[in-house]
Each structure stands twice: as C-alpha cells, then as structure tokens.
Amino acid sequence: MALLRDTKARAKRIDLTYFKKPHPFRRWKRWLSILVPTAAAVWIAGAALKKDDRLYTSGGLAARHAMLDKQCSACHTSTWGQRYLDPAGWQSKLDASCLKCHDGPVHHANATTQISGPPGAERAATCSQCHREHEGSERLAKVTDRQCVTCHGDLKKTGKEPHPAVCLGGAGHEIAPSIRSFEDGHPEFALYALKAKDPTVLSFNHAVHMNPDTPLKKETLQGQLKALAGRRGVEGADGARRLGCSYCHSTSTPGGAAMAPILYETHCVDCHALKVDNQPVPHEAPNVVRDFLRSRLAAKGKGGEELAVQVLEVESPLYTSDVVNCGKCHQVKEADDPLVAPPTVARSGARTGPPGDEGRPRRWMAHASFSHDTHRTLRCLECHPGGDTSAKTSDLLMPNKASCLVCHSRAGGVVSTCVTCHTYHDKTKVPAEAARLGIREVLK
C-alpha cells in the first residue's frame, strides 16, 4: 500500500539550489549577454573613428536628392527629439524645407489638409505623406495607389469641386467619392458618361475620307491620293490607296502628350484648294480674302464702284459654290450689304485661345495625362473606334474605360496605377519665380 504524503512533504523533493549549479544553456546565455553588447559597442566605436555615419541614417536618398546625401540639415531643421515631443511642429518644418526647392500646389482647392506657403498661396497635403524619402526610390513622384486611396477610397467632400473650363463634361461633372483602383470604383470617363459631343463648328466626315461609300467618291479619292503617294499617312498601292489617321493626326510634343493642330495649309489644301480663275486664294478670314481680291483686281485697272462689284462677283463663288467653297467645311453667314462687308465665318473652336491666336488643339480629356508614344505599337482605331466610319463632326471619337481595361487591368497585365494617368500637383499654379535658389544655397 502506497504511503500517503502531504503537499509539504512532496515540495521537499524539489532542489531549491538548482539554478546555482553549472548548466550549458545558462553558460551560453551569460556569454552572449556579454559578447553581443561588447561587439555592438566596438562596431559603433569603429564607425565613429572612421567617420562612417551609415549607422545613423534612415536609408539611401532618392537619386534626385543625391547632392544632399551628406547634408541632413538641408531638410531636417528640427532636433531629433522634436519628432516625438512635437510631431506636428516637426512635420511643418520638414514640409517647409521641401517648399524651399519644390512648389507644391494642390490639385483640388478644397482639399481638407494643406500646408502653409507664401501668403495667399495654397499648397498640398504633407509632402512626406506621399513622397517617401530614405527608401532608395529612384523617382519620388512615382507614388503607390495606397497613398491616393487614402483619400480617394473614401473621399470627404467639403463643397463644390473646382472644375476646369476646358472639360467637356461641364460644371456638373464631379469627382467620384470612392475609388480604390482603376478596376475597382473608377467611374466611366466623363466624356462617355455624360455623352459629350464634339463642339467643333466644322463639317467633317471621317468616313468619306477613309471609307467612301459610293463608286464616284472612291474614284475621286483614289485620284487625289495618287498625287499624294509617298506622303505620311497615305497607305496602299495604286487603285487601293487609303488615307490613314496619321495623315492628319500627329503628336507635337516629346512623349506624344499633345497632338499637333490640324492646319488647312498642311492637311487640306492639296485636295481642297481655294481658287479664283485657277489662282490660289489665301485661307484667311473673309475680310483678308476680300482685301486680297481687291488688290489683285485693282492692279488690273479696276476702281471705285466697279471694283467693289467686281470683287463681289469674284468672291461669291468662294462662299456659295457647291463644289469647292468655304461653306463646305465652315458655317458662313452673308452680310446684310455684301457690297460693304464680306460674309462672316464662324470660328471652328478646334483650338483654344483668343481670336487670331487659337493656340493648341483642344484637350479632350482634361483630368488625365496620356502618352501616344507609349502606345505607338497600337493601331489608332484600337483605341478610337469609329474613326473610319464616323459621318458627324459631333461624334467624339475618344477611348472609353473599357478600351483601356483591355490592357490596364490584372487580366491585361499592364501597369495601371493612379499616377499612370493622373498627377496631383496642378503645375499651372506654380508661380513664375518657383526656381529661386542658387547653387550655393542648395549645397550649403
């Protein structure tokens, strides 16, 4: 029969001095607790003797900031302790350092988080919120979707969004409040969602120029293209030539961000020449054309009322002829007294700017950037469907979201981050004096 023992008797079986006896585990623990701090101290001392401060840095600078690699104080003007004692003040001073070299206007004037700049100037949210330095990034402007979605995943609107006047979506177009990626939450492009129309005041038929639908039109086009053989955008051989998109449409800036304007003298005159008595007439405003005709007839001895009547007789076919005339493309309105004033021709509106200086072609998609050079391996009609069959000027032959998603999606495999198409800072609000530092100021 087993002996009964109480708890005290059982406790006496435990050796209470076990921790004093040698043991391999405890011996290694003791040596490691001595050797590791000693090695760290030697490492730090050695780095100090060599003046190697890599132990204390947060990581390499971006390539654009390489000249500041040894100038920490150029950006960090606060003491290290202020980062923890006064985080808001530390961040404010850091942002102020960024603004010494970089102007950062906001991309929406009603952004809820801004940093201070010169009096009256609005700046972006905290710089380092999106531009993460000391991570070895080669391009600080290339931020990830995570930064954009921080706001745009659940956008808090503070009022009516400011809107660019050039956007065909109109003032009623608003920014979507919940966008998580191009595939998830991004709305259809405003041009399609709002069924915008091309406002250009011209009569132009793409189909007639690229796919004529009658034998007579086909024969006429082939005859004209024969004379243009070898020109950019004229494709095919005898009897089967066609006019390609590139005959009229080409980029005007490096990278293909902007399209070159379509000009009568470059793209139209070879087939649609304005002539009087088989002599060319300038493609200018009606008053300039009238002055040109008056000068030419006056040189032949015409004068007075006879000259005015003769000018009107020569001028009228330019605006009324069914074959070749200004009204073929432009909206023409006759004057109340044709002898006194020439007809008026409506501005096309194809290019923006004041009368006499229409400037660049209209920018259709005002909220995004695009590079045609990046997409140069694709046929134009892949992204601009209907470009060869459209018969109306009002047809807006721009890409829609679905055409972009074919490539810019997980299935397509092409990068489709927010900054692929969108920029944050509105560079149009960068003041002329933005470049204001000298070399010594940058390097000091």
Inset, instruction - Quick one: closest heavy-atom pair of Val311 and Arg294, and the distance? - result: CG2-CA, 3.8 Å
Inset, instruction - Just jot down the side chain to side chain contact (heavy atoms under 4.5 Å, CB included) partners of Pro187, sequence neighbours excluded, or say none. - result: Ala176, Ile179
Inset, instruction - Would you please test Gln147 and Thr144 for side-chain hydrogen bond (donor to acceptor under 3.5 Å, both in side chains) and show each step? - result: CA-CA 6 Å; Gln147 279 96 344; Thr144 64; 2.4 Å; yes
Legend entry - Considering all heavy atoms, the nearest Cys75-Leu94 contact: O-CD1, 3.6 Å
Inset, instruction - Apply side-chain hydrogen bond (donor to acceptor under 3.5 Å, both in side chains) to Asp373 and Ser371, showing your working. - result: CA-CA 5 Å; Asp373 280 4; Ser371 170; 5.5 Å; no
Legend entry - Residues that Arg376 engages under salt bridge (Lys or Arg N to Asp or Glu O under 4.0 Å), provided they are two or more places apart: none
Legend entry - Of all pairs that satisfy ring pair (Phe, Tyr, Trp, His ring centres under 6.0 Å), the ones with a partner from residues 222-264, not counting sequence neighbours: Tyr264-His283
Legend entry - Non-hydrogen atoms of Met210 and Cys245 that approach each other most closely: CE-SG, 3.9 Å
Inset, instruction - Give, for atom CG of Leu225 and atom OG1 of Thr220, the distance between the pair rounded to the nearest 0.5 Å. - result: 10.5 Å
Inset, instruction - Output the distance between atom CG (Leu194) and atom CZ (Phe189), rounded to the nearest 0.5 Å. - result: 13.5 Å
Legend entry - Partners passing side chain to side chain donor-acceptor pair (under 3.5 Å) against Thr344 (at least two apart in sequence or in another chain): none
Legend entry - Approximate separation, where rounding is to 0.5 Å, of Cys271 SG and Leu228 CG: 5.0 Å
Legend entry - Arg232 vs Ser250 side-chain heavy atoms within contact, under 4.5 Å: yes
Legend entry - Glu235 CD: over 12 foreign heavy atoms closer than 6.0 Å: yes
Inset, instruction - Give, for atom OH of Tyr319 and atom NE2 of His330, the distance between the pair rounded to the nearest 0.5 Å. - result: 10.0 Å
Inset, instruction - Side-chain contact test, heavy atoms from C-beta onward, threshold under 4.5 Å: evaluate it for Arg290 versus Leu312 and give yes or no. - result: yes
Legend entry - Student check: side-chain heavy atoms of Trp90 and Leu85 closer than 4.5 Å: no
Tell me which donor-acceptor pairs under 3.5 Å the side chains of residues 401-409 have, and how far apart each pair is, sequence neighbours excluded?
| unit_1 | atom_1 | unit_2 | atom_2 | d |
| --- | --- | --- | --- | --- |
| Lys401 | NZ | Phe182 | O | 3.4 |
| Lys401 | NZ | His186 | O | 2.5 |
| Ser403 | OG | Asn400 | N | 3.3 |
| Ser403 | OG | Asn400 | O | 2.7 |
| Ser403 | OG | Asn400 | OD1 | 3.3 |
| His408 | ND1 | Val415 | O | 2.8 |
| Ser409 | OG | Leu405 | O | 2.7 |
| Ser409 | OG | Gly412 | N | 3.1 |

Inset, instruction - Return the set of residues passing side chain to side chain donor-acceptor pair (under 3.5 Å) with Asn287 (not counting sequence neighbours), or none when no residue passes. - result: none
Inset, instruction - Output yes when a side-chain donor or acceptor of Asp145 lies under 3.5 Å from a complementary backbone atom of Cys418, and no otherwise. - result: yes
Inset, instruction - Please confirm whether the backbone N or O of Ala88 pairs with a side-chain atom of Ser92, one donor and one acceptor, at under 3.5 Å? - result: no
Legend entry - Glu219: partners by side chain to side chain donor-acceptor pair (under 3.5 Å), with sequence neighbours left out: none
Inset, instruction - Measure from the side-chain N and O atoms of His422 to the backbone N and O of His367, and report whether any donor-acceptor pair falls under 3.5 Å. - result: yes
Inset, instruction - Please report the C-alpha distance between Glu133 and Leu61 in whole Å, then the side-chain angles of each, then the deciding distance to 0.1 Å, and finally whether the side chain to side chain contact (heavy atoms under 4.5 Å, CB included) criterion is met. - result: CA-CA 6 Å; Glu133 185 55 280; Leu61 293 179; 3.6 Å; yes
Legend entry - Reported NE2-to-CE distance for the pair His65 and Met67, which is rounded to 0.5 angstrom: 6.0 Å
Expected list for residues 391-399: side-chain donor-acceptor pairs under 3.5 angstrom, two or more places apart:
| unit_1 | atom_1 | unit_2 | atom_2 | d |
| --- | --- | --- | --- | --- |
| Thr393 | OG1 | Leu202 | O | 2.7 |
| Thr393 | OG1 | Phe204 | N | 2.9 |
| Thr393 | OG1 | Phe204 | O | 3.4 |
| Asp395 | OD2 | Ser390 | OG | 2.7 |

Inset, instruction - With sequence neighbours left out, write down each residue that passes side chain to side chain donor-acceptor pair (under 3.5 Å) with Glu313, or none if nothing qualifies. - result: none
Inset, instruction - Over all heavy atoms of both residues, which pair between Val234 and Ala229 is shortest? Give the atoms and the distance, please. - result: CG1-CA, 4.4 Å
Inset, instruction - Return each pair, listed once, that meets salt bridge (charged side-chain N to carboxylate O under 4.0 Å, His left out) where at least one residue sits in residues 249-275; pairs must be two or more places apart or across chains. - result: Arg231-Asp270
Legend entry - Pairs where residues 245-262 contributes a residue and the test salt bridge (charged side-chain N to carboxylate O under 4.0 Å, His left out) is met, not counting sequence neighbours: none
Legend entry - Short side-chain to backbone donor-acceptor contact, Thr251 and Met259, under 3.5 Å: no
Legend entry - Any donor-acceptor N/O pair, Thr266 side chain to Ile262 backbone, under 3.5 Å: no
Inset, instruction - Mind checking salt bridge (Lys or Arg N to Asp or Glu O under 4.0 Å) for Arg146 and listing every partner two or more places apart, or none if nothing turns up? - result: none
Inset, instruction - Provide the closest heavy-atom pair for Leu339 versus Ala308 in the form atom of the first, atom of the second, distance. - result: CD2-O, 3.9 Å
Legend entry - Glu183 (side chain) donor-acceptor with Arg410 (main chain) under 3.5 angstrom: yes
Inset, instruction - Specify the closest pair of heavy atoms between Ala335 and Ala341, including all atoms of both residues, with the distance to one decimal. - result: CB-O, 3.4 Å
Inset, instruction - Would you give the length of the straight line joining atom NZ of Lys218 to atom CG of Asn211, rounded to the nearest 0.5 angstrom? - result: 8.5 Å
Inset, instruction - State, with a plain yes or no, whether a side-chain heavy atom of His209 is found less than 4.5 Å away from one of Leu221. - result: no
